[in-house]
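Structure record follows, encoded as structure tokens.
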Amino acid sequence: MKPIFVTQPFLPPLEEFTELLKQIWDNKILTNSGPFHKEFEQALADFLGVRYISLFSNGTLALITALQTLKITGEVITTPFSFVATTHALWWNGIKPVFVDVEADFCNLDADKIEAAITPQTTAIMPVHVYGNPCQVDKIQKIADAYGLKVIYDACHAFGVQINGNSLLNFGDLSVLSFHATKVFNTIEGGAIICHDEKTKTRIDFLKNFGYDGELRVVAPGINAKMNEVQSAFGLLQLKYVEHAIEKRKIICELYKELLCDVKGLTYQNQLSGVKHNYPYFPVFIDEKTFGMSRDELNELMKSHQFFGRRYFYPLISQFPTYKGLASSNPANLPVAELKTKQVFCLPIYPDLELSDVRRICELIKSVGK
Ligand SMILES: *Cc1c(COP(=O)(O)O)cnc(C)c1O
């Protein structure tokens with residue numbers, strides 16, 4: 001049997017890509033906001049339903065630049081249940097992460113626990129829309145407004161997600177996307193910052209190009225985080241297919257739910273009504289006692305059958321050596337995250353995953369405890 005991995009990147013038809021590459025070879029513009037970059041940026045803003053978007057070479061540099069854009073300093077409240085880049089972006093800015101626990105339904109930052117973690121040094125909140133499920137955006141904004149804090153969303157999982165027809169990316173001061181190969185929408189590597197006014201977009205665009213404002217003026221110690229023309233052309237093509245790709249993910253997600261709904265000790269997340277989802281992952285949560293096997297044992301069993309899921313997110317960011325010493329990393333401060341990280345297992349999901357493979361995976365899971 002061929003191995004089935006947790007994900008597989010979506011690729012556009014090669015012939016269509018080579019057509020675009022020919023144009024790049026003809027015009028000899030490879031980077032620095034060329035024609036494909038301009039076209040892709042506009043097309044993406046239209047597709048996502050946002051006013052201003054700035055393209056980046058990857059999501060991590062976009063996160064680092066987002067913090068620079070708003071001159072965030074001191075302490076930032078964030079979640080331990082994310083990809084490590086969320087917190088690394090703070091570290092690279094010399095900011096102290098303060099971990100707050102997640103809520104049990106979606107593993108997103110628990111808005112009810114934010115206030116207790118605010119100190120005079122707190123300048124911002126950086127929540128993550130984990131697995132594409134929206135954070136409690138209204139509650140978070142209320143707290144931010146009351147305490148004068150900025151909100152930067154790590155929206156790397158949330159490409160295309162909408163709440164009641166409005167893009168999730170329109171909440172907070174800034175949102176950051178990743179277009180890494182493993183994401184719902186990819187430009188091989190890539191990322192973006194979404195902002196809500198032209199002035200901020202101008203600052204972001206300076207910062208991602210060494211701080212250059214025109215030919216001679218440097219207005220800030222910027223970085224080099226530009227998306228190039230090959231990535232932009234690739235992205236422009238991907239955009240044509242992404243809705244179809246999300247539709248295929250949806251079918252897989254629904255089949256998993258149907259087949260696994262009566263497995264004791266296994267739960268999955270159900271989307272809130274009014275949310276247009278993007279189905280980036282299919283996490284299940286294993287309660288060892290009722291299921292009859294631990295999450296790690298299930299992982300081993302699946303591997304022995306050539307199914308490679310992923311324990312994502314595990315370990316918690318707060319458990320990595322860089323962050324473990326922080327007071328807020330104490331497991332007693334993060335009971336829900338500590339529980340979820342031990343239970344979570346992401347099953348394979350990608351547009352080209354065969355439904356017969358989904359069935360085989362579910363049969364194996366259902367054989368446990370029988
Ligand atoms: C993928 C991801 C990132 C990092 O994005 P890159 O494009 O890989 O640098 C950051 N945060 C989260 C939640 C992610 O999933």
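Start at 1 and go down the list; that is how both ligands and their atoms are numbered.
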Parallel, tilted or perpendicular: rings of H305 and F307 (30°, 60°): parallel
Pi-cation contact, F206 with R217 (under 6.0 Å, within 45°): no
Distance from atom 5 (O) of ligand 1 to nearest protein heavy atom, with residue and atom: S178 OG, 3.2 Å
Ligand 1 contact by A62, heavy-atom criterion under 4.0 angstrom: no
Aromatic plane relationship, F83 with Y312 - under 30° parallel, 30 to 60° tilted, over 60° perpendicular: tilted
Cluster check L237, F40: I/L/V/M/F/W/Y, side chain < 4.5 angstrom: yes
Heavy atom of S82, distance to ligand 1 below 4.0 Å: yes
Ligand 1 to T60 polar contact by distance, N or O atoms, under 3.5 Å: yes
K340 charged N/C atom sitting above F81 aromatic ring, 6.0 Å / 45°: no
Over 12 foreign heavy atoms within 6.0 Å of NZ, K257: yes
Backbone or side-chain N or O of V128 under 3.5 Å from ligand 1 N or O: no
Aromatic ring pairing Y256/F282, orientation class (parallel under 30°, perpendicular over 60°, tilted between): parallel
Enumerated ligand 1 atoms positioned under 4.0 Å from heavy atoms of G190: 7 (O)
Protein contact of atom 11 (N) of ligand 1 - nearest heavy atom, named by residue and atom, plus distance: D154 OD2, 2.8 Å
Shortest reach to atom 1 (C) of ligand 1 by a heavy atom, considering only H88, H180, H157, K183: K183
Atom indices of ligand 1 within 4.0 angstrom of Y312 heavy atoms, with elements: 15 (O)
